[in-house]
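See structure below.
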Amino acid sequence: MKKYRQLFQDAERLTPSPGLWRLIEAQVELPSAGSKGGRGAAFWQSPILRVAASVVLAVGCLGLGLFMQHKPKQVAVTSVSAVAADAADSEQLELVDPELLGWHADLGEIDLEADEAEEVL
Amino acid sequence: MVNWFGPEKKSIEQLREGRLEGLHWIYQTYSQRILNQCFRILLSREQAEDVVQDVFLKLPDIISEFRGESALGTWLYRVAHNMCLNRLQQAKNRNKLEWENAEALAPRGSGTSVELSDLLGKALAVLDAETRSLLWLKEGEGVPLKELMEIFGLPEGTLKSKLSRARDRVKEYLEKEAKFEKV
């Protein structure tokens, strides 16, 4: 077993020919900066940044959820205040003095009499 | 896993940005290991260098497929392994076609020029190309079993039994042909 392992350890190991890199360098077609799989792809492939993006997304979703939860309450509050305002208006109408209304009607009759008098003249 | 703060990450990013220094770093770090893996599969230095050249010429295009879930070296071994097997398959098909056309009747083996100067080379030649690659990476390069599972896409049990059979065959060859005393 020891000799078997030794055989692999002592095995001939090749090194690339000195000209191999020059051949690759001369023929390789590198993608231009900003093309697909460029900086943007590398950015998203960083696990830390992916985690950070996930946290931001989760917080955003949570915020949206809370906002949606509170919104119906606000609508309800608005509706309640609108109904209250209507009720207050009707109460105000009821609060108007009937005598004052009678006086207002009298003023109208006086106006009418004045108009008739003008027509006669 | 890729060390996202080391030179490996930097070189991958540089390559993705289309910068040659990224490719050069990867070449300097991995080309020798890939060359030896290809040499053990193809049994020809010339063809092994051709595959290394192909791997590095295609790397700027295929680096987007590298997700960083395994080490870059493991991924490169897999790429090189597949390219070598494709090359052997193409050579086999070419020979088969030539045989069918009755234009070349002389048998040509696997289509590779076998260079078996060392004892290990001769012993590995008794195995098929995939098993040669597997045994070399395990015994010659010390690639852990977990990484071998990723490179070959095989479960642990299958890999272990393949390795065991390969070891037995190599030892058998060494005992019989090379008059190896006790392997």
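We name chains A, B, ... by the order of the sequence lines, and we start the count at 1 in each one.
By the side chain to side chain contact (heavy atoms under 4.5 Å, CB included) test, B/Lys146 pairs with no residue at all, sequence neighbours left out. Under the side chain to side chain contact (heavy atoms under 4.5 Å, CB included) criterion, A/Leu23 pairs with A/Gln27, B/Gln53, not counting sequence neighbours.
A/Thr15 and B/Leu35 get closest at one heavy-atom pair: C-CD2, 3.5 Å. Across all non-hydrogen atoms, the minimal contact from B/Trp136 to A/Phe8 is CE3-CD2, 4.1 Å. Annotation for A/Leu30 and B/Pro60: closest pair CD2-CG, 3.9 Å, computed over non-hydrogen atoms.
For chain A, the nearby parts of B/Leu23 are the backbone and the side chain; heavy atoms of each come within less than 4.5 Å. B/Leu135 touches chain A through backbone and side chain together, each having a heavy atom under 4.5 Å away. In this structure, the portions of B/Phe56 lying under 4.5 Å from any heavy atom of chain A include both its backbone and its side chain. Heavy-atom distances place the side chain of B/Arg40, and not its backbone, under 4.5 Å from chain A.
A donor-acceptor contact shorter than 3.5 Å is absent between the side chain of B/Asn36 and the backbone of A/Arg13. Proximity of a side-chain donor or acceptor of B/Glu49 to a complementary backbone N or O of A/Ser17 within less than 3.5 Å is detected.
Contact annotation: the side chain of A/Leu20 never approaches that of B/Ser31 to less than 4.5 Å [non-hydrogen atoms, C-beta and beyond]. At a threshold of 4.5 Å between non-hydrogen side-chain atoms, the residues B/Leu120 and A/Asp10 do not count as touching. Between A/Tyr4 and B/Glu139 there is a side-chain heavy-atom pair separated by less than 4.5 Å. Between A/Pro16 and B/Gln32 there is a side-chain heavy-atom pair separated by less than 4.5 Å.
In this structure, CG on A/Leu14 lies 13.5 Å from CD1 on B/Ile34, to the nearest 0.5 angstrom.
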